[in-house]
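First up is the structure itself, then whatever we jot down about it.
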Amino acid sequence: MLIARFILRLLATETTKVTFPSTRTRNVLETAQCDNHLIHYFSTTEHQRRSPFNSIYNLPNNKEVEPLHAQAIKNGSAQHQQVGNHLLNLYVKCSDLGQAQKLFDDITNRDVRSWTILITGFAKLGSTKLGLDLFAQMQYDGVCPNCFTLSSVLKCCSCLNDLRKGKEIHGWVLRKGVGSDVVLENSMIDHYVKFGNFDYARIIFESMSKRDTVSWNIMIGAYLHIGVVDKSIDLFRRLPIKDVASWNTIIVGLMRNGSNVKALELLYQMGKVGPQFNNITFSIALAIFASLSLLELGRQIHGKVLRVGLLCDGFIMNSLVDMYCKCGKMDRALAISKKPPQGYDDMQSSNSVLWSSIVSGYVQNCRFEKAFKLFREMVCEGVEMDEFTLTTLASACANAGILEQGLQIHALIEKLGHKLDVFLGSAIIDMYAKCGSLDEARSIFIQTDSRNTVLWTSIISGCALHGQGRESIHLFELMLKEGIRPNEVSFVGVLSGCSHAGLVEEGHAYFRSMQEDFGIVPGVEHFTCMVDLLSRAGHLNGAEDFIYRNGISHISSVWKALLSASRLHKNIEMGKRVSDRLLELEPLSAGPYVLLSNIYATSHRWEEVAEARSMMEQRGVKKNPGQSWIQLKNQLHTFFRGDRSHPQATEIYSYLERLITRLKEIGYSIDTDLVTHDVEEEQKELILGFHSEKLAVTYALMSTPCGSLIRVMKNLRVCTDCHAFVKYTSKVMGREIIVRDPYRFHHFKHGKCSCGDYW
DNA sequence: TTAGGGTTAG
């Protein structure tokens, strides 16, 4: 109901109008009577330039300004202050700083406004160093700056991270008694906010004799920036006149603080009682709908955007594409992205955002091959590869487990000279960890200089993934020592580390500390880790008790963990009870049936095995087939259980048979308990012999040089027989073998596995 | 003063 009313209101709204040039500017020109062409320019083009949404479209083009300039030179008025300043303004507005500088040098009687226009131009267009140089020259020339000059100079200081210079300006203002000017005071507040000097900002805000909406908006934004959501909402409610920027600021700030639903509520309120939406509001609305996967509302905005002719706005278009990608509608996203935006000021960057959204969309939808194909196209078309795109690509390599491609992405990052910020750093650490190179992940971690919670969590989880529970704990403690506050994911990392290494006591302690010291309410993942920890360590009854005590018996993942451990510890009674519970919760998932039949098979209760299998068939539940893959020389080789489709299948099977004979000589015996069908011993041996990881390891042994590392990826957990098989193989063949299953890594070396047979 | 794409999880 709320949403429906919201949409109705939204569709009825009109949008803010912005015109250029302002009436004031036009009057200046008219009174100056400087040049017929200039007056003609403004009087005839204003209505043509009018666009309801964005001043970008109202900006002049330098091809239009140049004839005006030429005419003014002809009339001898260009070097005069009034006309000169106005032309200067036009050049700045069309971003032609070169011409602006030339003209500035030509103006004979420059006043404070001439200096200010150019300094403001430098500040707005990012040439902040030049802005400060010009300010120094202005002071040298003895020209006294006004409030507008100082405001732009402060902006330059903020961009250049020059807090000292900003403070100098502040001191200068206090000494000279420039007087209270709201624009200047706003800039000072903004400057201090950007440097995290929140107290200074608040002192200035509270001492202001007159505040405008901008002053309030900056403070609201500042509170949101430091995560003080309640205070920002309080300030927003007290704000007497809320303009469109006030609403946009609070809504986008809530979204960035993770309060998406609250942001949605305020957006609804804005539609009901607030000002008309502008293009920024639409962009924010699309981002909210994207993050909440509200496709229908996103579509409504799309319709509105089309009706008001906003689709050509680069920002809006990118937001729309991203919304469709995040809602899984890649075709819609691609269709929109085909139409290039018009009148956009930074095509290169906009294009990069667009490609990045689509690559990210493919990664989120697990279409890694498509993502890499797009990446290759981006390289061919010379699209700028920024940190955003590269982070997404690193994440794709991590999820697909393709180390070779990951190495290429890392090399590209270094070639382009990108610094590993927290995002890129975390993604690269995660990529190396998930591709099996924990040492490399550690070395990258050591090299990073700015580390936040996510970056620390990436390496902690990486260690857990490789079964290095002690190392996970060590890093977690180091993180605490450095004053970095763990979040809920950090605890999943350290708990799963404890679980993989059998560290029961430590796991319990962290689970308590998470709630008591950090106030984090345990979620499904934490509970699952705890049940896993307890049950794998053999405390099956304790784990079941934990489930009921914590009121989590409706969560299927905790029962799955317990069921898996019941099989590991061959506890049939528990296995039966747990699988019954699990089948009630998830009647259509294959896992419980397979685990249950495995439990019965372990005790040779073939009737029950058959019963479980037939129940599965009757309900139309299909088991996900076991699959392993390896990458050799840029080519993926995939194997299924009993697969004979590989061109070298005959050689692989004969090699495998010979290998098994050799392994048996040193003590390997096939664990026939694992076979889930009631078949003859010899037949069971054959079925086990065909498990996909055995085929993949065998093919790797045949195709790679002696002594080289073998990496195998697997979609299901490794069975105990294959685990033993790979252990013996690593000993007999003198090879290091890494197997990645969906939950962790196994490093096999000299006949031992890094998991210590505990997985 | 406000807008778009990025990282960690049984």
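Chain letters run A, B, ... following the sequence lines, proteins first, then strands; residues in each count from 1.
- For Trp247(A) and Phe236(A), the distance between ring centers is under 6.0 angstrom.
- Leu424(A) has its CG atom 12 Å from the P atom of dT8(B), to the nearest Å.
- Of the listed nucleotides (dT7(B), dG10(B), dG5(B)), dT7(B) has the atom at the smallest distance from the side chain of Ser426(A).
- The listed nucleotides are dA3(B), dG10(B), dT7(B); the one nearest the side chain of Ser496(A) is dG10(B).
- Side-chain atoms of His526(A) and base atoms of dG10(B) include no donor and acceptor less than 3.5 Å apart.
- In terms of polar N and O atoms assigned as donor or acceptor, the side chain of Asp386(A) never comes within less than 3.5 Å of the base of dG6(B) in a complementary pairing.
- Which of dT2(B), dG10(B), dT1(B) sits closest to the side chain of Lys155(A) comes down to dT1(B).
- Rounding to whole angstrom units, NE2 of residue His225(A) and P of dT1(B) are separated by 14 Å.
- Contacts of Glu384(A) with the nucleic acid, taken as non-hydrogen atoms under 4.0 Å apart, are absent.
- Phosphate proximity of dT1(B) to Lys194(A): absent, as no side-chain N or O sits under 4.0 Å from OP1 or OP2.
- Atoms CG (Leu334(A)) and P (dG5(B)) sit 17 Å apart, rounded to a whole Å.
- Closest approach to the Glu525(A) side chain among dG6(B), dG10(B), dA3(B) is made by dG10(B) (side chain taken as heavy atoms from C-beta onward).
- Summarising the geometry, the separation between CG on Asp243(A) and C1' on dT1(B) is reported as 8 Å, rounded to the nearest angstrom.
- Between Ser360(A) and dG6(B) there is a side-chain N or O to OP1 or OP2 distance below 4.0 Å.
- Close placement of the Tyr432(A) and His410(A) rings is indicated, their centers lying within 6.0 Å of each other.
- For Lys194(A), the side-chain contact (heavy atoms from CB on, under 4.5 Å) test picks out Ser158(A), Asp190(A), with sequence neighbours left out.
- The listed nucleotides are dG5(B), dA3(B), dG10(B); the one nearest the side chain of Ile284(A) is dA3(B).
- When rounded to the nearest whole Å, the span between CZ of Phe289(A) and P of dA3(B) equals 17 Å.
- Taking every heavy atom of both residues into account, Trp559(A) and Ile547(A) meet most closely at CZ2-CG2, 3.7 Å.
- In terms of modelled atom types and a separation under 3.5 Å, the side chain of His500(A) and the main chain of Cys755(A) share no donor-acceptor contact.
- Here Arg744(A) does not reach the OP1 or OP2 of dG10(B): none of its side-chain N or O atoms lies under 4.0 Å away.
- For Tyr743(A) and dG10(B), the ring-to-base geometry satisfies the stacking test (centroid distance below 5.5 Å, interplanar angle below 30°).
- In this structure, Phe476(A) has its ring center at least 6.0 angstrom away from the ring center of Trp456(A).
- Of the candidate nucleotides dG10(B), dG6(B), dA3(B), dG6(B) has the atom lying nearest to any side-chain atom of Lys326(A).
- Per the geometry, CD1 belonging to Ile484(A) stands 14 Å off C1' belonging to dT8(B), to the nearest Å.
- The Asp532(A) side chain lies nearest to dG10(B) when the options are dT1(B), dG10(B), dG6(B).
- Heavy atoms of Thr249(A) sit under 4.0 angstrom from primed sugar atoms or phosphate atoms, though from no base atom.
- Backbone-only engagement by Ser458(A) is indicated by non-hydrogen atom pairs under 4.0 Å involving sugar-phosphate atoms exclusively.
- OP1 and OP2 of dT7(B) both lie 4.0 Å or more from every side-chain N or O belonging to Lys434(A).
- Of the candidates dT8(B), dT1(B), dT2(B), dT8(B) carries the atom nearest the Val454(A) side chain, counting heavy atoms from C-beta on.
- Within the nucleic acid shown, His418(A) has no heavy atom closer than 4.0 Å to any nucleic acid atom.
- Partners of Asp234(A) according to the salt bridge (Lys or Arg N to Asp or Glu O under 4.0 Å) rule, which considers only residues two or more places apart in sequence or in another chain, are Arg238(A).
- Here the side chain of Arg256(A) is nearest to one of dA3(B), dT2(B), dT8(B), namely dA3(B).
- The nearest whole Å value for the distance from the CG atom in Leu393(A) to the P atom in dG5(B) is 17 Å.
- Using a 4.0 Å heavy-atom cutoff across all strands shown, Arg451(A) reaches no nucleic acid atom at all.
- Residue Asp421(A) is in base contact, counting any heavy-atom pair closer than 4.0 Å across all strands shown.
- With distances taken from any side-chain atom of Asp190(A) to the nucleotides dG5(B), dT1(B), dA9(B), the minimum falls on dT1(B).
- Contact of Thr392(A) with dG5(B) (side chain to base): no donor-acceptor pair of N or O atoms is detected under 3.5 Å.
- When rounded to the nearest whole Å, the span between CG of Asp430(A) and P of dA9(B) equals 5 Å.
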